[in-house]
Every structure is written in C-alpha cells, then in structure tokens.
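See structure below.
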Amino acid sequence: MAASVLVFEAFIALFFGLVVAKLDHSDGWVAAVVLGAASVLLSGIMRFRWAYGAGWVLQAGFIVSGVFVADMYVLGAIFAALWWAGLHYGAKADQIKAERMAAVQAESERTGATTEVAETENSGLDDAAAAGNAGNEDARPDARQPGTGRPTLV
C-alpha cells in the first residue's frame with residue numbers, strides 16, 4: 001500500500017513542477033524533480049525496512065515544498081496522512097494474512113493432512129482436471145480451490 005502512495009506522489013510532484021515552472025521561475029522545479037524521482041525510486045525498494053523511514057522524510061519534503069506553492073502544504077499533509085494509512089492498514093493486512101496462514105497450518109496439522117494444496121498449485125492442471133475443463137476457457141489453471149486441487153473459475 002505504501003508503494004502505491006509513493007507512485008501517486010510522483011504524479012503530484014510532476015504537477016507541482018509544472019505549476020512552479022509556470023508561476024515562479026525559481027529553482028522550485030528542481031525540488032519537484034527530486035521529489036518525484038525519490039518517490040518512484042523509493043516505491044521500488046519498499047522491501048527494505050529503512051525505506052519506510054525514508055518515506056517519512058519524503059513526506060516532510062512534500063510538506064516543506066509548500067514554500068514554493070502554498071497548496072503543497074495541504075497536499076503534503078494529505079499525502080502524509082495517506083502514507084500513515086498505507087503503513088497502518090498494510091501492516092494490519094499482513095497480520096491478518098499471517099493469522100489465516102497459521103490457522104490453515106494448525107488445521108492441517110490437527111487433521112493430519114499434508115499440505116497437498118501447495119504441491120498441486122505448482123503442478124499445473126492434471127489430466128483429470130484438464131479433461132473436466134476442456135470446454136471451459138474461463139478456468140485459470142493457476143487458481144485452485146483450497147484443499148480440493150480443483151481449478152477455480154474466474
């Protein structure tokens with residue numbers, strides 16, 4: 001979610017640069033280019049823990065860019081709130097996903113079932129499933145119903 005906020009901020013930086021170049025012939029467009037490039041680059045490296053701190057620094061940069069165009073104070077604050085929401089709700093989603101995976105693992109251990117779903121997901125369509133879906137172009141071979149190995153229709 002955080003990377004999505006950064007990509008949208010890159011667009012805001014582009015438009016900020018256009019406004020600064022038109023209204024004020026100072027070096028504000030350089031700040032816009034730096035903010036936009038940093039947004040795009042940072043969105044690609046969100047797998048590193050330090051990138052989240054760098055994202056907060058970038059949010060401060062967007063707010064401070066209000067020196068060139070006063071509306072950027074408001075847009076910077078809005079995107080800082082979106083950044084917080086992306087981090088907060090992204091962490092919640094990851095937690096829920098981990099809890100569900102732990103519940104599935106515990107259930108499979110309780111029933112003594114093997115993790116056959118993971119094996120069938122990587123094997124593609126077997127002959128029986130392919131024969132059952134021969135006339136159905138809507139079936140995705142990579143999407144399977146949990147625990148059954150049968151293809152899920154899209």
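Just the heavy atoms: all of them, side chains too, but no hydrogens, waters or symmetry mates, feed the values below.
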Do V20 and V74 share a hydrophobic cluster (ILVMFWY, side-chain heavy atoms under 4.5 Å, transitive)?
yes
Return the NZ to CE distance between K97 and M101, rounded to the nearest 0.5 Å.
8.0 Å
Hey, what do you get for CD1 (I78) to CD1 (I12), rounding to the nearest 0.5 Å?
9.0 Å
Evaluate the ring planes of F8 and F11, with Trp represented by its six-membered ring, and classify them as parallel (under 30°), tilted (30 to 60°) or perpendicular (over 60°).
tilted
Linking I/L/V/M/F/W/Y whenever their side-chain heavy atoms sit closer than 4.5 Å, directly or via other members, would W83 and F48 fall into one cluster?
yes
For residues G90 and M1, report the shortest heavy-atom separation together with the two atoms involved.
N-SD, 3.7 Å
Measure the OH-CD1 distance between Y73 and I63 for me, rounded to the nearest 0.5 Å.
10.5 Å
What pairs meet the side chain to side chain donor-acceptor pair (under 3.5 Å) rule with one or both residues in residues 31-40, with sequence neighbours excluded?
none
Looking at CG of L82 and CD of Q59, how far apart are the two atoms once the value is rounded to the nearest 0.5 Å?
8.5 Å
Go through the steps to decide whether I45 and W50 satisfy the test side chain to side chain contact (heavy atoms under 4.5 Å, CB included), and finish with yes or no.
CA-CA 9 Å; I45 56 173; W50 57 266; 3.3 Å; yes
Any link between L35 and L23 through a network of hydrophobic side chains (Ile, Leu, Val, Met, Phe, Trp, Tyr) touching at under 4.5 Å?
yes
Can you name the nearest heavy-atom pair linking G36 to A10, along with the distance?
O-CB, 3.9 Å
Can you tell me how far CD of E9 sits from CG of L14, rounded to the nearest 0.5 angstrom?
13.5 Å
I'd like to know whether L75 forms a side chain to side chain contact (heavy atoms under 4.5 Å, CB included) with F62, so could you lay out the CA-CA distance, the side-chain angles of the two residues, the decisive distance to 0.1 Å, and finally the verdict.
CA-CA 8 Å; L75 285 174; F62 270 96; over 6 Å; no
Given 3.5 Å as the limit, does a donor-acceptor pair link the side chain of Y52 with the main chain of M46, or not?
yes
Side chain proximity check, W56 to W84, heavy atoms < 4.5 angstrom:
yes
Among V40, L58, L41, which one satisfies side chain to side chain contact (heavy atoms under 4.5 Å, CB included) with L6?
L58
NZ/K92 to CD/Q95 distance, rounded to the nearest 0.5 angstrom?
8.5 Å
For A81, side-chain contact (heavy atoms from CB on, under 4.5 Å) partners two or more places apart
none
Which class fits the ring pair F16 and F68: parallel under 30°, tilted 30 to 60°, perpendicular over 60°?
tilted
